Amino acid sequence: MKPTRQAPVRLTQFAHGGGCACKIPPGELEEVVSGLGAPLTGGETSLLVGLDTGDDAAVVTLPGRRDTAVVCTADFFTPVVDDPYDWGRIAAANALSDVYAMGGRPVLAVNLLAWPRDRLPFDLAREVLRGGLDIAAEAGCHVGGGHSVDDPEPKYGMAVTGLADPSRLLRNDTGRPGLPLSLTKPLGLGVLNNRHKATGERFEQAVATMAALNRDASAAALAAGADCATDVTGFGLLGHLHKLARASGVTAVLDTAAVPYLDGAREAVRDGYVSGGTRRNLEWVAPRTDFGTTDEDTRLLLADAQTSGGLLVAGEVPGAPVVGELVPRGAHSIVLG
């Protein structure tokens, strides 16, 4: 555990939650968007990936181009850490991740900023934007302005446009029985962030993990011939794995002993630093999961609401642990072993 480093202003105290744990619960969200995915007809483009399978981003063809598709996504959230620069880096990496999760490369982003201008100084907002700009530069992605509003609660993220080869997309509906499952970042970000919000303790390993781009993992997955993946964010590993298994018409068997966790994650669960979002994730997947003899703490970690987590790939990714496999569809979407 790293020593506490007090920030001049504790940004996490200005938000009701933190990071991707603030997502609308998956069950409620699916009810809201149900029936809203009617495709456009008669246009010059085709929607390759839309709302139907709950994938990470939308993908559309370009007129007259068979080798290039446009990937579009947006993501923003409340402060997940107190340091404004780190929050900006994490939020940008998280937004860019949706493009990488589709097998694309980000080319243009615009900022999305909500700021309580009467409660927080604008020099902090500048640091947030600087952090986002630095991560976008690392990704080779232009940042061309954005949109801001006066809001009682600070929020930051990006809308991102990327490019991809339409014949080499990573999708969540192309999983097949017999494929292994690889996870490219450890779990535990949610509980460590929740502990940070409650106590001010700073966890460098969590910040480094969240700020790390999924660029190399995406490239490695494509190079290995994978065509099925998703990133692990607010719905937790179990939530995103269920969506992948459901969309692909398979069952996922998860080897719980092979799943990696950040240092301090189990202690944070033991000490009660579990967000409401994580508990809602577990409640949502419970009817769809055979938990076997898995203990409650492990179940919570597997459902932990991640912020800027890794990629979950149907295939072997060099350097990433294999945490399970896809098998023919059974009575449950997920079986824990």
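Since the model is a prediction, treat every value here as computed from it, not as a measurement. One is the number of the first residue; the rest follow in order along the sequence. The analysis underlying the following values was restricted to heavy atoms, covering all of them including side chains, and did not include hydrogens, waters or symmetry mates.
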Interatomic spacing from OG1 in T12 to CG in D82 - rounded to 0.5 Å: 3.5 Å
Pairwise distance SG(C72) to CG(L47) - rounded to 0.5 angstrom: 10.5 Å
Full working for side-chain contact (heavy atoms from CB on, under 4.5 Å) between L183 and L187: CA-CA 9 Å; L183 182 64; L187 302 183; 4.1 Å; yes
Show every donor-acceptor pair shorter than 3.5 Å between a side-chain atom in residues 219-227 and any protein atom, with sequence neighbours excluded, or say none if there are none.
residue : atom : partner : partner atom : Å
D227    : OD1  : R176    : NH1          : 3.4
D227    : OD2  : R176    : NH1          : 3.4

Atom pair CG/CD1 of L254 and I334 - distance to nearest 0.5 Å: 7.5 Å
Side-chain (K197) to main-chain (A15) donor-acceptor, under 3.5 angstrom: yes
Heavy-atom side-chain contact between L282 and E296 under 4.5 Å: yes
N/O donor-acceptor pair under 3.5 Å between T184 side chain and A320 backbone: no
Flag, side chain of D255 to backbone of V323, donor-acceptor distance under 3.5 Å: no
Residues clustered with Y85, ILVMFWY side-chain links under 4.5 angstrom: none
Close side-chain approach of P321 to S182, heavy-atom, < 4.5 Å: no
No-hydrogen, no-angle side-chain donor-acceptor test under 3.5 Å, T289 and H332: no
Donor-acceptor list for residues 112-124 side chains, cut-off 3.5 Å, not counting sequence neighbours:
residue : atom : partner : partner atom : Å
W115    : NE1  : L120    : O            : 3.1
R119    : NH1  : P152    : O            : 3.0

Spatial distance of atom CZ (R288) from atom CG (L241) [nearest 0.5 Å]: 13.0 Å
Taking every non-hydrogen atom, the tightest pair across S275 and A305: OG-CB, 4.4 Å
SB check D151 K155 (cutoff 4.0 Å): yes
Side chains of N172 and T230, donor plus acceptor under 3.5 Å: no
Side-chain donor-acceptor contact under 3.5 Å, T233 with H240: yes
Check: D290 and L336 side chains under 4.5 Å, non-hydrogen atoms: no
Transitive ILVMFWY side-chain link V160 to L170, under 4.5 Å: no
N281 and E283 side chains, donor-acceptor separation under 3.5 Å: no
For the student: nearest non-hydrogen atoms of L108 and C141, plus distance: N-SG, 3.4 Å
By side chain to side chain donor-acceptor pair (under 3.5 Å) - contacts of N193 (at least two apart): none
L300-Y273 co-clustered via ILVMFWY side chain contacts under 4.5 Å: no
Partners passing side-chain contact (heavy atoms from CB on, under 4.5 Å) against V110 (at least two apart in sequence or in another chain): A159
Donor-acceptor under 3.5 Å (N94 side chain, S308 main chain): yes
Heavy-atom closest pair, residues L181 and A252: CD1-CB, 4.1 Å
S218 side chain vs Y100 backbone, donor-acceptor pair below 3.5 Å: yes
Flag, side chain of T256 to backbone of G337, donor-acceptor distance under 3.5 Å: yes
Any donor-acceptor N/O pair, D231 side chain to A101 backbone, under 3.5 Å: no
Pairs satisfying salt bridge (Lys or Arg N to Asp or Glu O under 4.0 Å), at least one member in residues 56-70, at least two apart: R65-D67
Remaining members of the apolar cluster that contains V149, side-chain heavy atoms under 4.5 Å: none
ILVMFWY network linking L244 to V259, side-chain heavy atoms under 4.5 angstrom: yes
side-chain contact (heavy atoms from CB on, under 4.5 Å) between V80 and L11, worked out: CA-CA 8 Å; V80 68; L11 285 175; over 6 Å; no
Salt bridge (Lys or Arg N to Asp or Glu O under 4.0 Å) contacts touching residues 89-112 (sequence neighbours left out): D86-R89
Less than 3.5 Å apart, which donor and acceptor atoms pair up between the side chains of residues 206-217 and the rest of the protein, not counting sequence neighbours?
residue : atom : partner : partner atom : Å
T209    : OG1  : Q205    : O            : 2.8
N214    : ND2  : S97     : OG           : 2.8
N214    : ND2  : G309    : O            : 3.0
R215    : NH1  : E138    : O            : 2.7

Inter-residue atom distance L238.CG - K243.NZ, 0.5 Å rounding: 13.5 Å
Table please: side-chain donor-acceptor pairs of residues 261-269 below 3.5 Å, with sequence neighbours left out.
residue : atom : partner : partner atom : Å
R266    : NH1  : T298    : OG1          : 3.3
R266    : NH2  : T298    : OG1          : 3.0

Atom of L326, atom of G175 and distance for their closest heavy-atom approach: CD1-CA, 3.8 Å
Nearest atoms (heavy-atom pairs only) where V59 meets A69: CG1-CB, 3.7 Å
E201/H196 under side-chain contact (heavy atoms from CB on, under 4.5 Å): CA gap, chis, key distance, verdict: CA-CA 5 Å; E201 295 171 87; H196 171 68; 5.6 Å; no
Residues clustered with V317, ILVMFWY side-chain links under 4.5 angstrom: L311, V313
Donor-acceptor contact below 3.5 Å, side chain H242 vs main chain V285: no
Sequence neighbours excluded - side-chain hydrogen bond (donor to acceptor under 3.5 Å, both in side chains) pairs with any residue from residues 157-166: D165-S167
N/O donor-acceptor pair under 3.5 Å between E153 side chain and H16 backbone: yes
Between CG on residue L129 and CH2 on residue W87, distance to nearest 0.5 Å: 9.5 Å
T73 and M158: CA distance, side-chain angles, deciding distance, side-chain contact (heavy atoms from CB on, under 4.5 Å) verdict: CA-CA 8 Å; T73 185; M158 287 178 165; over 6 Å; no
Main-chain N/O of R171 paired to D55 side chain as donor or acceptor, under 3.5 Å: no
Hydrophobic cluster identity match, F291 and L301, side-chain contacts under 4.5 Å: yes
Single-linkage hydrophobic cluster, 4.5 Å side-chain cutoff, V322 and L179 together: no
Closest approach of A164 to G103 (non-hydrogen atoms, all atoms of both residues): CB-O, 4.2 Å
Distance-only side-chain donor-acceptor flag, T53 / D173, under 3.5 Å: no
